[in-house]
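To start, the structure itself, in structure tokens.
Proteins come first, then strands; the chains are lettered A, B, ... in the order of their sequence lines, and each starts at number 1.
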Amino acid sequence: MKDYKRYLITSALPYANGPVHLGHLAGVYVPADIYVRYLRQRGRDVLFICGSDEHGVPITIKARKEGITPQDVVDRYHTLNKKAFADFGITFDIYSRTSNKVHHQTASEFFETLYDKGEFIEKTSKQYYDTEAKQFLADRYITGTCPKCHKEGAYGDQCEACGTSLNATDLINPKSALSGSVPELRDTLHWFLPLDKYEPWLKQWILEENKHWKSNVYGQCKSWIDAGLQPRAVSRDLDWGIPIPKRIKGSDGKVLYVWFDAPIGYISATKELTPDWEKYWKSDDTRLIHFIGKDNIVFHCIIFPAMLKAEGSYILPENIPANEFLNLEGDKISTSRNWAVWLHEYLEDFPGKQDVLRYVLCANAPEAKDNDFTWKDFQARNNNELVAILGNFVNRALVLTQKNCNGKVPAPGALNDFDKQTIAEMPKIKDQIESSLENFRLREALKFAMDFARLGNKYLADTEPWKLIKTVPERVNTILNISLQITANLSAIIESFLPDTAAKIRKMLNIDAITWENAYKTDNLKAGHQLGEPALLFDKIEDSQIEFQVEKLQKTKTANQALCAPVEPQKPNISFDDFSKMDIRVGTILAAEKVAKTQKLVKLTIDTGIDKRTVVSGIAEYYEPEKIIGQQVCILVNLEPRKIKGIDSQGMILMAEDANGKLCFAAPIDKTGNGSGVK
RNA sequence: GGCGAGGUAGCUCAGAUGGUUAGAGCGCAUGAUUCAUAAUCAUGAGGUCGAGAGUUCAAUUCUCUCUCUCGCUACCA
């Protein structure tokens, strides 16, 4: 690898509309912090950058819902999250925020530079405008009837009832969520970053020059690039965000799209931290690494690099070790469903146990695939690994010294072969950890770190000083000296993974931090050195504590089920006339085949009694085509025909849909004649 | 449907430009031990490496088909 002079490490800016949970910690912040602490231990020049991402529509929506300002929202979560990170020992050099002045300036300048270089495309498009509120409406601010499932209350970007992603212009009866008025379509000007223009360069840079990226990252990028990149709007009509610079024509009422300003936040935060920021962002001998979750791959691997490339004066990331997701007790973590373990709640239930969570999350980090966090596993790792192996070894070494040497480091005598062999293991383990960490294999590194404690336990078990004390007491001095040297080195070895624990060990040994380079030596503790008071590093976690957590989640689940299965309220009354406009008939399915290249569509031929016609229906997930032939169904025959996937669909099959979106035929119970009217 | 990632011991994961008995941790069993939070140490059991076919002297590792999980994407009156 290239000889880098300094490191710039960023971790994804958490979005300031909610608290951080253990998934964030496991995927992004714990790995980043471990890596950074390790680099610092080795004396490398490193900056660790993070901050709150505070713009964008969801924040304005949350503010409206609660009747407060967007600034109030971001202030709340910025403070909360900043504290949570600090509590878990995540040692950012700066935890900034994108509502800062420095960031506003930096991001506007960045935009201006690209604008002046002619890197943007200007495009006018039609967007909904609320004439009462006098503003353009973000997709989320438009509600209406879902064109797919016909439920009301769908948003302009997505229908939460059926999960379909939508365009605002597809909504039936759109309404402004701001004023309730009917919005009108108006022209609006926006700037686009032509990602397609960077396609050849991205191909070369990622697919050829960055083959060392993790396979999940590399593959995802390849997938995006191969699919073809589209120009992406960098501005929005919104009043919360960074205004497009005034001198630019048409900038009125427009802000930078949050995806554009957020990654620039890494730069602004660095600027805020040090006047030397350009050394980190603009020298080839800086190694820039982004720690992110898999949801952020496209932004950090494709879009942000394209922005930096377009700007021209910045370096590009050398690696982006994105992690996958952490599930919780078998289900996807979800903020909106409250299916999460919030960091501040964890600390209330397990005070002082941040290292335990760091350990469990690192040991089970979703490095290659989604992983599952269970409280049972949490308990097992605490009790069987931290308590039994690590805590126990340190305790044994210290208590033995206390009993036999009055808490003073004894002078070693001559070393025998087993002593030498044990001592020789330390540099080996240290090397293994280095190699794992340099390659972002943190769970492997942690496993090696635990080997250090195992080495100590084995050494004690094999030398049996508690027996020798009666027969060859001078030999015990050597054994305890070596055991204590292992303990001292162990404190440095686990420092990056378990910082609090490392500090506790140092305190018990009454020593200062040992550098990484010295973390294998046998003279870090001098003979005669007075040790501090021994104490237990970890406590056992009882079944009752785990049951409490599991019950807590179970309650969430129950609450969600009650919440998630509401029966749709009755629609407004209609006249009989309205009803009788619908011509619903009974028909028989004559033929059915899956529409090629679709997941849900089945092409049906129906004998309606009137004629034999083709209908395309989205039922493939629930019915196998060959099994429904001959079945009678109800069909709305006078629905406007529509082309679906190139097939003319003449009518619509009536289906009953439950709260989970599962479909079943609504059809006559008894066999009846084709063409029978349904009234 | 397309694309990407993953499917290896009860659990969580490593692994190999194809080559003798496929690895680790936890769990389990047996033995040793008692300084230590009944912790530790040793030994062992346990896998047709998602399924099938092909290439090969030889495949878990390469190719193809299929299947399951996750993600992106298209379609869903």
Side-chain angles (χ1 to χ4, degrees), chain A residues 147-150 162-165 214-227 294-295 297-298 324-325 327 332 360 363-374 376-377 380-381 383-404 436 441 443-444 446-448 450-451 453-454 456-469 476 479-480 483 534 536-540 594-602 615-621 635-636 639-647 649-655 661 663:
Chain A
K148 187 220 160 195
C149 69
H150 283 247
C162 64
T164 312
S165 59
K214 287 175 60 177
S215 64
N216 59 332
V217 176
Y218 184 91
Q220 186 68 61
C221 290
K222 184 167 160 38
S223 174
W224 276 85
I225 293 171
D226 288 349
K294 69 172 168 184
D295 52 330
I297 289 175
V298 65
E324 302 283 299
F325 283 160
N327 293 330
K332 214 167 288 183
V360 174
N364 193 25
E367 285 179 357
K369 57 173 189 181
D370 290 0
N371 277 346
D372 199 21
F373 174 94
T374 64
K376 205 164 159 272
D377 180 63
R381 287 191 186 276
N383 294 356
N384 303 331
E385 298 176 33
L386 289 177
V387 172
I389 295 169
L390 206 171
N392 188 221
F393 166 65
V394 173
N395 190 236
R396 295 171 85 185
L398 287 166
V399 168
L400 281 168
T401 308
Q402 201 76 359
K403 281 188 183 167
N404 299 308
S436 298
R441 292 200 294 260
R443 39 192 302 164
E444 185 182 77
L446 179 61
K447 206 201 85 194
F448 286 138
M450 289 301 283
D451 283 345
R454 288 177 214 280
N457 276 321
K458 183 170 169 51
Y459 182 69
L460 284 178
D462 289 358
T463 53
E464 299 183 307
W466 49 90
K467 279 186 182 166
L468 294 178
I469 194 71
V476 172
I479 294 169
L480 288 185
S483 301
L536 295 178
L537 288 174
F538 303 99
D539 307 311
K540 284 209 162 195
K594 241 190 124 195
V595 180
K597 299 185 180 180
T598 70
Q599 189 183 333
K600 300 183 182 175
L601 299 188
V602 177
V615 176
V616 175
S617 189
I619 58 173
E621 287 174 305
I635 168 172
L636 179 63
L639 185 71
E640 198 85 28
R642 184 173 150 154
K643 249 196 178 158
I644 299 163
K645 275 275 161 185
I647 302 164
S649 179
Q650 303 162 297
M652 167 172 148
I653 308 294
L654 267 44
M655 308 294 299
L663 299 175

**Q.** Nearest-angstrom distance, P atom, B:U61 to B:U20
**A.** 14 Å
Q: Please determine, for B:A59, whether a Watson-Crick or G-U wobble partner exists with both distances under 3.5 Å, and give it or none.
A: none
Q.
Using the side-chain heavy atoms of A:Asn384, tell me which of these nucleotides is nearest: B:A36, B:G27, B:A5.
A. B:G27
(Q) Rounded to whole Å, how long is the line connecting atom CG of A:Asn327 with atom C1' of B:C11? (A) 16 Å
**Q.** Whole angstrom value for the distance that separates C1' of B:C11 from CG of A:Asn383
**A.** 16 Å
Q.
Which nucleotide wins on minimum distance to the side chain of A:Ala461, given the candidates B:C41, B:C26, B:A36?
A. B:C41
Q: Write down the partner of B:C76 under the Watson-Crick or G-U wobble criteria, each distance required to be under 3.5 Å.
A: none
Q.
Is there a side-chain contact between A:Lys540 and the phosphate of B:A38, meaning an N or O under 4.0 Å from OP1 or OP2?
A. no
Q: Please determine, for the side chain of A:Asn457, which listed nucleotide (B:C26, B:U33, B:C41) has the closest atom?
A: B:C41
Q: Compare the minimum distances between each of B:U40, B:C35, B:C41 and the side chain of A:Asp462, then state the nucleotide with the smallest one.
A: B:C41
Q) Going by an N to O cut-off under 4.0 Å, is there a salt bridge joining A:Lys447 and A:Asp451? A) no
Q. To the nearest 0.5 Å, what is the distance between CH2 (A:Trp466) and CD1 (A:Ile479)?
A. 9.0 Å
Q | Separation between the P atoms of B:A9 and B:G23, rounded to whole Å | A | 14 Å
Q.
Give me the distance, rounded to whole Å, that separates B:U48 from B:A22 when you measure between the C1' atoms they each carry.
A. 13 Å
Q: Return the 5'-most residue of the pair A:Leu537, A:Arg443 with respect to RNA chain B, ranking by each residue's nearest nucleotide.
A: A:Arg443
(Q) Please give the distance between the C1' atoms of B:U55 and B:C64 as a whole number of Å. (A) 11 Å
Q.
Give me the distance, rounded to whole Å, that separates B:G46 from B:U21 when you measure between the C1' atoms they each carry.
A. 15 Å
Q) Does B:G4 have a Watson-Crick or wobble partner in any strand here, with both distances under 3.5 angstrom, and which is it? A) B:C70
Q: Give none if B:A38 has no partner; otherwise give the nucleotide forming a Watson-Crick or G-U wobble pair with it, both distances under 3.5 Å.
A: none
(Q) I need the CG-P distance between A:Leu460 and B:A36, as an integer number of Å. (A) 12 Å
Q: Sticking with atom C1', work out how far B:C68 lies from B:U30, rounded to a whole angstrom.
A: 38 Å
Q: Remember a base hit wins even if backbone is also touched, and classify A:Asp226 as base, sugar-phosphate or nothing at under 4.0 Å, heavy atoms.
A: nothing
Q) Which nucleotide in the list B:U12, B:U33, B:U37 gets nearest to the side chain of A:Leu536? A) B:U37
(Q) As an exercise, state the distance from CD of A:Glu367 to CZ of A:Arg443, rounded to the nearest 0.5 Å. (A) 6.0 Å
Q | Closest listed nucleotide, where the reference is the side chain of A:Glu444 and the choices are B:U40, B:C26, B:A14 | A | B:A14
Q. Contact class for A:Ala368 vs. all strands (heavy atom < 4.0 Å): base, sugar-phosphate, or nothing?
A. sugar-phosphate
Q: Report which part of the nucleic acid A:Ala388 touches: base, sugar-phosphate, or nothing (heavy-atom distance under 4.0 Å, all strands).
A: sugar-phosphate
Q. Reckon A:Ser649 touches a base, only the sugar-phosphate, or nothing at all at heavy-atom distances under 4.0 Å?
A. nothing
Q | Under 3.5 Å side-chain donor-acceptor pair for A:Asn364 and A:Arg381 | A | no
Q) From B:C76, B:A36, B:G27, pick the nucleotide closest to the side chain of A:Arg642? A) B:C76
Q: Tell me what A:Ile644 touches on the nucleic acid: a base, only sugar-phosphate, or nothing, going by heavy atoms under 4.0 Å.
A: sugar-phosphate
Q) Which one is paired to B:C28, where only Watson-Crick or G-U wobble pairs with both distances under 3.5 angstrom count? A) B:G44
Q) Between B:U60 and B:U8, how far is it from one P atom to the other, in whole Å? A) 16 Å
Q: In whole angstrom, give the distance that lies between atom CZ of A:Phe393 and atom P of B:C41.
A: 11 Å
Q | Same-atom distance (C1') from B:A38 to B:A32, integer angstrom | A | 15 Å
(Q) At 4.0 Å (heavy atoms only), tell me whether A:Ile653 reaches a base, stays on the sugar-phosphate, or touches nothing. (A) nothing
Q. Mapping A:Ala453 and A:Phe538 onto RNA chain B by nearest heavy atom, which one lands closer to the 5' end?
A. A:Phe538
Q) When we call it a touch if two heavy atoms are under 4.0 Å apart, what does A:Ile635 touch: a base, just sugar-phosphate, or nothing? A) nothing
Q. In whole Å, what is the span from the CD atom of A:Gln402 to the P atom of B:C35?
A. 16 Å
Q: Could you state the atom-to-atom distance from CD1 of A:Ile619 to C1' of B:C75 in whole Å?
A: 14 Å
Q. Whole-Å distance between B:G1 C1' and A:Ile647 CD1?
A. 13 Å
Q. Taking a pair as Watson-Crick or G-U wobble with both distances under 3.5 Å, which nucleotide is matched to B:G52?
A. B:C64
Q | Base paired to B:U33 (Watson-Crick or G-U; both N/O distances under 3.5 angstrom) | A | none
Q. Which of the following nucleotides, B:A5, B:C75, B:G25, is nearest to the side chain of A:Lys600?
A. B:C75
Q: Mind calculating the distance between CD1 (A:Ile479) and C1' (B:C35) to the nearest angstrom?
A: 11 Å
**Q.** Counterpart base for B:G23, defined by Watson-Crick or G-U wobble contacts under 3.5 Å
**A.** B:C13
(Q) Heavy atoms from C-beta onward define the side chain here; which of B:G4, B:U37, B:U34 lies closest to that of A:Ser223? (A) B:G4
Q) Of the nucleotides B:A24, B:A14, B:C41, which has the atom closest to the A:Lys447 side chain? A) B:A24
Q. Any ion pair linking A:Lys294 and A:Glu324 (charged N to carboxylate O, less than 4.0 Å)?
A. yes
Q: Remember a base hit wins even if backbone is also touched, and classify A:Lys294 as base, sugar-phosphate or nothing at under 4.0 Å, heavy atoms.
A: sugar-phosphate
**Q.** A:Arg454 side-chain N/O to B:C26 phosphate OP1/OP2 under 4.0 Å
**A.** yes
